[in-house]
Amino acid sequence: MDQALVDELDADDEADDHTLPDLPNVEDYETVRLRAAPNPNGPWHLGHARMPSVIGTYTDRYDGEFVIRFDDTDPETKRPDISAYDAILEDIEYLGFEPDEVYRASDRIETYYDHARELIEMGEAYTCDLPAEEFSELKREGTPSPNRDKDPETVLEEFEAMVDGDYESGEMVLRVKTDIEHKNPALRDWVAFRMIDTPHPREEAADYRCWPMLDFQSGVDDHLVGITHIIRGIDLQDSAKRQQFLYDYFGWEYPEVLHWGHVQIDAYDIKISTSTIKELIDAGELDGWDDPRAPTLQSVRRRGIHGEAIVDSMIGLGMSTTDVDLAMSSIYANNRDIVDDEANRYFLVRDGQEIPVVGDAKPEAGHPPLHPNHEDRGDREIPVDDAVLVEPDDIPADGERIWLKGYGCVRYENDAFVATGDDISVVRDGDVGVIHWAPADDTVSVTMRTPDGDVTGAAEPAFADTAVDEIVQFERIGFVRVDEHGEEGSVVYYAHP
RNA sequence: GCUCUGAUGGUGUAGUCCGGCCAAUCAUAUUACCCUCUCACGGUAAUGACCGGGGUUCAAAUCCCCGUCGGAGCACCA
């Protein structure tokens with residue numbers, strides 16, 4: 001490799017490195033450790049890809065470590081879906097990252113209990129049996145709960161009763177003492193543990209009734225697991241401030257923390273939320289998480305979009321705290337970059353109209369190339385017997401010529417194509433348009449599943465040679481992923497133009 | 001009501017900390033043209049933005065103030 005090329009590559013690397021801002025104070029830590037903390041309530045939608053994309057990119061940059069922690073501490077309202085744990089890990093793998101460690105909060109309940117006990121002994125937490133609305137009222141006016149001054153022994157006793165499941169849901173909580181007059185009401189004496197009657201779906205955790213809230217669980221874990229930088233959404237803006245009280249009591253250093261806004265994706269009719277998608281699947285309006293109409297990672301994966309294309313787009317969003325709209329066209333452009341060179345070309349005729357081909361100048365077959373930029377890959381062979389299929393919109397006016405790509409020029413006369421014998425110069429001169437086509441016989445029937453619904457068509461015979469999982473381009477239509485070659489025909493998933 | 005937080009073209013982003021090199025970067029999008037037996041790829045060009053108003057300054061996207069608009073939290077959700 002010559003020096004100029006090396007320099008150029010280095011320059012490229014550098015440019016890539018700086019698409020995301022540097023993390024703060026990385027030099028203060030031996031190893032940068034980042035975590036994604038998903039709630040496993042379903043497979044991921046497109047928006048979820050941002051966290052692993054950014055974290056994975058940072059871990060690569062700093063040679064750090066990537067931790068996944070399932071924050072599955074609400075068996076009821078955010079009930080985990082038992083199959084989602086693996087589905088999410090697969091989604092991460094699809095995006096091209098491999099977590100160094102995987103935790104489940106529901107495995108670590110005893111640890112949270114231990115820290116709660118410690119906190120109680122320090123006198124910094126109290127059990128509170130006030131109904132939620134009543135406490136909320138007091139909090140608004142900055143009045144402490146009457147339970148706030150209980151002595152630690154009583155608190156500990158009552159907390160152990162919580163742990164033992166002696167209370168019903170709603171009867172008792174453990175609150176962290178913060179500052180009941182804090183100017184930000186969101187920080188006043190927040191709940192650390194509450195009772196939940198519904199058993200956790202994971203067998204290992206099914207016996208617990210006393211569950212930590214996110215701010216407690218996540219705060220304790222981030223420290224214990226050695227997270228150096230926390231990246232999270234603006235919905236958790238106040239979390240760090242809440243958890244800071246905990247860190248102060250325990251004498252811990254709070255990790256660096258960054259926030260970002262929400263991501264919306266254009267181009268989908270469906271609302272991008274796990275629960276909405278789940279409802280649509282349950283109602284039978286979507287075939288599953290990988291339905292091409294679903295805004296999920298499983299869906300775009302099946303459509304042949306590389307995880308890398310998604311990661312690139314996510315990185316392009318940067319780290320701003322404002323809400324952002326991600327255009328699918330950005331993902332498509334990235335993907336086209338990746339697949340165009342490799343994707344061989346084929347013809348698919350949708351809604352084909354059969355038109356006889358006549359004339360002495362009629363070739364026996366068409367031979368379009370597999371790839372216009374790679375002659376070495378050779379040609380396809382499309383035999384023509386008596387007729388071809390073309391798309392209705394492509395049929396020229398009576399008396400006009402059209403070029404059947406890879407085959408030759410024909411004139412449309414009396415509902416038939418008459419071979420003219422013209423050479424390619426008629427196309428180069430701009431007199432004649434070029435269209436794709438298929439033979440009338442021997443085609444492969446194809447169902448193309450798209451985000452806008454299914455389309456059927458007939459593909460040229462050579463399409464049968466493609467492999468399942470291969471990305472090909474149907475000329476003048478777009479890129480598709482071959483999903484299945486079945487008895488009834490083939491199924492492809494449409495990626496993008 | 002209280003508390004955070006933000007605002008650069010259609011979209012995303014750089015620049016904002018440390019004012020001048022910013023008549024504002026890059027990508028995407030759209031539109032033309034070139035290339036081409038695809039409406040792909042590649043190439044060229046065009047389009048298009050500093051939320052508003054004051055102030056400080058020789059000089060403001062950048063600093064200050066006031067508005068406007070947006071997002072978030074004040075859950076026994078994550």
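Throughout, a chain's letter reflects where its sequence line sits, starting with A, and its residues are numbered from 1. Just the heavy atoms: all of them, side chains too, but no hydrogens, waters or symmetry mates, feed the values below. Only a predicted model underlies this, so the values are computations on that prediction, with no experimental measurement involved.
Using a 4.0 Å heavy-atom distance criterion, A:F479 is classed as a sugar-phosphate-only contact. Looking at heavy-atom distances under 4.0 Å, A:S136 makes contact with sugar-phosphate atoms alone, never a base. Across all strands, A:M213 comes closer than 4.0 Å only to sugar-phosphate atoms, never to a base (heavy-atom distances). At the heavy-atom level, A:P368 lies nowhere under 4.0 Å from the strands shown. At the heavy-atom level, A:L317 lies under 4.0 Å from the strands shown only through sugar-phosphate atoms. In this structure, A:S239 reaches neither bases nor backbone, as no heavy-atom distance under 4.0 Å exists between it and the strands shown.
B:C50 sits 13 Å from B:U11 when the P atoms are compared, rounded to a whole Å. Between B:A72 and B:G55, the two P atoms lie 35 Å apart (nearest whole Å). Comparing the C1' positions of B:C51 and B:C26 gives an interatomic distance of 23 Å, to the nearest angstrom. B:G71 and B:C63 have their P atoms separated by 24 Å, with the value rounded to a whole Å. Using atom C1' as the reference point in both B:G52 and B:U44, the two lie 39 Å apart (nearest Å). Atom C1' of B:G48 sits at a distance of 13 Å from the matching atom of B:U28, rounded to the whole Å.
Comparing A:P372 and A:C128, the nucleotide of RNA chain B nearest to each residue sits closer to the 5' end for A:P372.
In this model, a donor atom of one side chain and an acceptor atom of the other lie less than 3.5 Å apart for A:D221 and A:Y112. Side chains of A:N25 and A:H229: no donor on one and acceptor on the other come within 3.5 Å.
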Between the protein and nucleotides 2-11 of chain B, list every N/O to N/O distance that falls short of 3.5 Å.
from  : atom 1 : to     : atom 2 : distance (Å)
B:C2  : O2'    : A:K183 : O      : 3.0
B:U3  : O2'    : A:N184 : ND2    : 2.7
B:C4  : OP1    : A:K183 : NZ     : 3.0
B:C4  : O2'    : A:K241 : NZ     : 3.2
B:U5  : O4'    : A:Q237 : OE1    : 3.2
B:U11 : O2'    : A:D325 : O      : 2.9

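Cation-pi geometry between A:R380 and A:Y346 is met: under 6.0 angstrom from the ring centre, within 45 degrees of the axis. Figure legend: cation-pi geometry between A:R209 and A:Y167 absent, as NZ or CZ is not positioned both under 6.0 Å from the six-membered ring centre and within 45° of its axis. For the pair A:R232 and A:W260, the cation-pi test (distance below 6.0 Å, angle within 45°) is failed.
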